[in-house]
Number of protein chains: 2
Amino acid sequence: MTKQKDAVKVSKDEKKRPLRADALRNEDAVLQAAKEIFLTSGVNAPVRDIAAKAGVGIGTLYRRFPQRSDLVASVFRREVDDCAAKATTLATENAPLKALKLWLKCYVDFLATKKGLAAALHSGDPAFEALPAYFRANFEPALTSLLIAARDSGEIKEVVDPYDLLRAIGNLSVTNNADDIKHTYRILDLLINGLQFEKKTSRGV
Amino acid sequence: MTKQKDAVKVSKDEKKRPLRADALRNEDAVLQAAKEIFLTSGVNAPVRDIAAKAGVGIGTLYRRFPQRSDLVASVFRREVDDCAAKATTLATENAPLKALKLWLKCYVDFLATKKGLAAALHSGDPAFEALPAYFRANFEPALTSLLIAARDSGEIKEVVDPYDLLRAIGNLSVTNNADDIKHTYRILDLLINGLQFEKKTSRGV
DNA sequence: TTGACAAGCGGAACATTGCTCCACATACTC
DNA sequence: GAGTATGTGGAGCAATGTTCCGCTTGTCAA
């Protein structure tokens, strides 16, 4: 209503005001603390522990994340963002095939830390409903660009459907235990190897 | 130590004494109540509700099932037992193929009520670790005998690997929503149909 | 049938944890 | 520097898992 608000509004593109600096800091601290605690104690860790680790009060945490599940979902989204963003970084710093390999390893590592979350995803909590779509919406383009770059450079012959590949690796990781990650890496090598050569025409069985 | 105890011990095969009659009744009531409540409210339903529905005190429930997860696991085992036992019943009351069909439908229904449990199974709680093995140890023989009977009677041509079939149907059920059970039935019909005819030699792709 | 007592029962009480509320603090605007 | 919207912190509430223990009851020898 007032001039000030309008002035502020102009400087920002949507809401009335930017978040206060301390609020931003706190939000970041909470997400970081939650990420670490989820990793060590699982997604069912007490909210109090997360607030304590982040050095903020419980009220602060709840203002930003009204429900436990909101926090879990935010951490998840943030990690998806990080992992997907790494595709760009890796692509600029490495040859296409190398970038592809490195990123797929990142992806496996990402999955490896999501054990407890798989259970949460199936809990029926509405806060989690959008996560699979978010997952796909971020990872599929990331992998697609890596695959295309590798094919254009001639380092791989085939471009598999990115979603198929993501799912295949996902299934690998889900079925295996935490310490089977070596096994997952080996199968991953096999998959990458397969990408590098002309597909033979399959016949019979 | 005393004669009495020895006498009792002889009449029983393992522990010192049989469970008191009321204790047995209560255990049964709790399992029944838990089964119903898990179905309507999920496996996270309050323990108090279950005790109330069973008409017993909380202490009674906790004596028999020291942890929530013990109760969940017991209910699960009991349902596995029931479902597996039905294979025998159905086999004696029906022609082999009919028995097979009916049992697979039972199995689908069993799976349909296990949505919340899938999440619990991946929660990492040690009480659940043995459940997948229990699942397989009971269902695989049950299905095997039905399949063999149907093949011996000539009603089906192929005997697929029972575990493959169990898993395939399991995956069907997991991927689909609760009201997609009709769809699962249709695919199940297809599978059964496939069993009834000679397998064609596959070629290409 | 009865008495003795171990086995079992029930629920009050405690512990943990998700979440709310509001008096107080502080970053931002002018 | 003052005023105020914004944000903070943690006490406290409610729900729920779990323990504890005095009372009740099924069981069995006599």
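All chains are named by letter (A, B, ...) in the order of the sequence lines, taking the proteins before the strands, and each is independently numbered beginning at 1.
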> Side chains of T60(A) and N26(A): is there a donor and an acceptor less than 3.5 Å apart?
Replying inline: no

>> For a quick test of reading the model, state the closest non-hydrogen atom pair linking L147(A) to V160(A) and the distance between them.
In response: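 Closest approach of L147(A) to V160(A), heavy atoms only: CD1-O, 3.8 Å.
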
> Quick one: what's the B/S/- string for nucleotides 10-17 of chain D, heavy-atom cutoff under 4.0 Å, read 5' to 3'?
Replying inline: B-B---BB

>> Without decimals, in angstroms, what is the distance between F65(A) CZ and dG18(C) P?
In response: 15 Å

>> Checking the side chain of W103(A) only, and the main-chain atoms of A91(A) only, is there a donor and an acceptor separated by less than 3.5 Å?
In response: no

> How close or far is atom P of dT18(D) from atom CG of L71(B), stated in whole angstroms?
Replying inline: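 Result: 11 Å.
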
> Can you name the closest pair of heavy atoms from V80(B) and F135(B) and give their distance?
Replying inline: CG1-CA, 4.5 Å

>> Using a 4.0 Å cut-off on heavy atoms, which residues in residues 19-30 of chain A reach DNA chain D? List them by number, or say none.
In response: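 Only L19(A), R20(A), D22(A), A23(A), N26(A) qualify.
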
> Are the side chain of N193(B) and the backbone of D189(B) linked by a donor-acceptor contact shorter than 3.5 Å?
Replying inline: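 Judged by distance alone, no pair lies under 3.5 Å.
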
> Does the pair E93(B)/K98(B) count as a salt bridge with the N-to-O cut at 4.0 Å?
Replying inline: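 The answer is no: the pair does not qualify as a salt bridge.
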
>> If the threshold is 4.0 Å, N to carboxylate O, is there a salt bridge linking R78(A) and D28(A)?
In response: yes

>> Centroid separation under 6.0 Å, is that true for the rings of F76(B) and F38(B)?
In response: no

>> Can you work out whether G55(A) or P66(B) has the more 5'-proximal nearest nucleotide on DNA chain D?
In response: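 Going by which nucleotide is closer to the 5' end, it is G55(A).
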
